[in-house]
Asks: 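Please see the structure below; I have some questions.
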Amino acid sequence: MKTIFFLLVFIIGNSLCIAQPVIQVEKQSFVNVGKSGYYWQDSLGKASFGEVEQFKATRFLKGTSSIFNGGTSGKVWWMKLRFKRNSQTIPYLFIGYANIDSISLYYRDAKGNIKMISSGMYNLKKSDALLGTGYVFPLQQVKAPVGDIYIKMQAMNTLLVPVKLVTESVLNHALIKAYSIQLIYVGIALMILIFHIFMYIITRSKLFALYIARVILLYYIVMVCYLQGYGLLLGPLVAKFILVHAHFFIALGYICTILFNSHFLKLKRQLPQLNKIFNALMFGWSIVLICSLWDARSLTNILTQALFLLTSVLFLFSSVQVIIIRGYAKNNLLIWCYVLGWIPVALVSIYLVFSLMAIIPFQSYSFNLLTFAGIVEGILISLGLFGQRLKLLSRHNAHFRRQRILLHEQMLGYREQLNQKNEQPAEQLSLKDLTALAQSQDPSFMKKFRETEGQFIAELLRISPQLLLSELELCAYIRLNFDTKEIARTCRLSVRAVESRKYRVRKKLGIDGETNMQAWMLNLTKSS
């Protein structure tokens, strides 16, 4: 019985201790092989290839996801892969993520000699990167038929390692396909950018300027040059600068976006409490911006992930509150696109933060999700901005129509007055009598004032024909030396409403803020 028991234990133990998978390169399509790898963290960063090669399998962690996520600690990680090929093909190791500080590839050739290839942003060679999307290592000298390769890697930002073992033909075909899709995304983003530049030139609106800054900082610099690695096309120094200070551009981009969102939704008036929260987020992003200048990536990594998630979700929440619940988009469906634009951004931000925190596994499509969400957001936000401009234009047109009607009524009134003057002489009243009529709120006050001060009214309309009847009445009270409180009491308005009306009259008549309006009104007919 004991013999049978030990035999069962041995069989079960052997079945659980599965050897590391061997990757068949000739049959391998363009997929990540992270699950086939074994991993070990070198906390001190001092282990040599000879030491790691002698480790037992129990020292390594088996891969659990197709893309290895080494976290944001900046520790050194080792990856071990085993592959099989025939003698007629040359296998290639492709790491499809450019933002890795350093990569060292170790293997033994057919004679047992150690071969090492160094690459990464800090050890970059001209032959290492293909259009800035990753690193390619030929493995023709690796010991065959089954070869072991060890990859030593480190990144102060998030260490994401999508690894593929492929033949040259598979690699070339897949890269051409990937570049084609990326060029389409870049082209769409360029059209969005041109649209906002054109709208800014026409309107000089701060909204379009802030969104232009968001597109340039967060899409072109962060997504294209940093995440997709195309900064290498601008030169190794530029790519390295963007890598080191990536959080600076992210923070600056989100500060511009918070200002854009607050200005579009008028949060200071609509949601003052939420506006204070956004001000606090801007302070947090400012801390990230300052820390990133000193390459404090261990701190900015954590802050950026937290602020990225919170800010993206609050963009969606604030737009729903103002546009849907408070009815800002009433009778204008295009403004609804502003809400729809933040939905993919919020969902992708939740997914990516959870992936980076290793709560859910990072997948191959995760790299493209943020780019796709950014493109969808750009299209929908542009439609929302266009809808807002249409709303403002319709409001201005309605205002001009009302002014045209009022001017027409004024002209009819003046013609009637002229006809009455021809029929009978107007009764001339003194300023004291006019003041008494105004204080008693006599309905005939303005009629008597026009008859007595016709030259004053005519001079006002000569300077600004756009003056409304209510604004002419305000000028009459000012000429009679009424202060703001007396005007408010006589016209049954609030003091603030009278002050606003005074401000509009100053602008229409070209009276600067330092000039006394009452003295200006008294001197108007004298100067003419």
Asks: Closest heavy-atom contact between K75 and Q154?
Replies: O-CG, 3.9 Å

Asks: When you check the side-chain N and O atoms of H247 and T300, is any donor under 3.5 Å from an acceptor?
Replies: yes

Asks: Do the side chain of N69 and the main chain of S355 share a donor and acceptor less than 3.5 angstrom apart?
Replies: yes

Asks: How long is the gap from SG on C475 to CZ on F449, to the nearest 0.5 Å?
Replies: 8.5 Å

Asks: So do F362 and L160 actually touch side chain to side chain, heavy atoms under 4.5 Å?
Replies: yes

Asks: Enter the distance from C256:SG to I216:CD1 here, rounded to the nearest 0.5 Å.
Replies: 10.0 Å

Asks: At what distance, to the nearest 0.5 angstrom, does OG of S205 lie from CG of L385?
Replies: 8.0 Å

Asks: For I212, is there any backbone N or O sitting under 3.5 Å from a side-chain donor or acceptor partner on H196?
Replies: no

Asks: Show the numbers, then the answer: is there a side chain to side chain contact (heavy atoms under 4.5 Å, CB included) between F260 and I381?
Replies: CA-CA 11 Å; F260 164 78; I381 294 294; 3.8 Å; yes

Asks: Taking the side chain as C-beta and beyond, is there a heavy-atom pair between F315 and L265 under 4.5 Å?
Replies: no

Asks: Quiz question: by atom type and distance under 3.5 Å, do the side chains of D512 and T515 form a donor-acceptor pair?
Replies: yes

Asks: Classify the ring geometry between F249 and F241 as parallel (under 30°), tilted (30 to 60°) or perpendicular (over 60°).
Replies: perpendicular

Asks: Heavy atoms, side chains only, cut-off 4.5 Å: are N157 and Y226 in contact?
Replies: yes

Asks: Mark yes or no: R501 above the aromatic ring of Y503, with NZ or CZ under 6.0 Å from the six-membered ring centre and no more than 45 degrees from the axis.
Replies: no

Asks: Quick one, M282 with L259, criterion side chain to side chain contact (heavy atoms under 4.5 Å, CB included). Give me CA distance, side-chain angles, the key distance, then yes/no.
Replies: CA-CA 9 Å; M282 283 185 62; L259 293 172; 3.8 Å; yes

Asks: Do K268 and S262 meet the criterion of a side-chain donor-acceptor pair at a distance under 3.5 Å?
Replies: no

Asks: Can you tell me how the ring of Y365 sits relative to the ring of Y351, calling it parallel under 30°, perpendicular over 60° and tilted otherwise?
Replies: parallel

Asks: Any side-chain heavy-atom pair from V288 and I250 closer than 4.5 angstrom?
Replies: no

Asks: Are the side chains of I350 and F354 in contact, using a 4.5 Å heavy-atom criterion?
Replies: yes

Asks: Using modelled atom types only, decide if a donor and an acceptor are shared between the side chain of S292 and the backbone of F248 within a distance under 3.5 Å.
Replies: yes

Asks: Say you draw a straight line from CG of L316 to CG of N261; how long is it, rounded to the nearest 0.5 Å?
Replies: 10.0 Å

Asks: Tell me whether R479 forms a cation-pi arrangement with F456, defined as NZ or CZ under 6.0 Å from the six-membered ring centre and within 45 degrees of its axis.
Replies: yes

Asks: Any side-chain heavy atom of Q518 sitting closer than 4.5 Å to one from L480?
Replies: no

Asks: Between L252 and L289, does the side chain to side chain contact (heavy atoms under 4.5 Å, CB included) criterion hold? Intermediate values first, please.
Replies: CA-CA 7 Å; L252 190 59; L289 188 146; 3.9 Å; yes

Asks: What's the separation between atom CG in N368 and atom CE in M223, rounded to the nearest 0.5 Å?
Replies: 11.5 Å

Asks: Within a strict 4.5 Å, meaning less than it, do heavy atoms of the L461 and L472 side chains meet?
Replies: yes

Asks: Between Y220 (side chain) and L190 (backbone), is there a donor-acceptor pair under 3.5 Å?
Replies: yes

Asks: Are a donor atom and an acceptor atom from the side chains of Y477 and E486 found within less than 3.5 Å of each other?
Replies: no

Asks: To the nearest 0.5 Å, what is the distance between CD1 (I323) and OG (S318)?
Replies: 8.0 Å

Asks: Side-chain contact, heavy-atom cut-off 4.5 Å: L307 with Y254?
Replies: no

Asks: Is the side chain of Q270 donor-acceptor paired with the backbone N or O of L267 at a distance under 3.5 Å, no angle test?
Replies: no

Asks: Check whether the side chains of S65 and Q363 place a donor and an acceptor atom closer than 3.5 Å, and report yes or no.
Replies: no

Asks: Are a donor atom and an acceptor atom from the side chains of W285 and T311 found within less than 3.5 Å of each other?
Replies: yes

Asks: Distance-only, no hydrogens or angles: does the D101 side chain make a donor-acceptor pair with backbone N or O of M156 under 3.5 Å?
Replies: yes

Asks: Any donor-acceptor pair under 3.5 Å linking the side chain of N523 with the backbone of A519?
Replies: yes

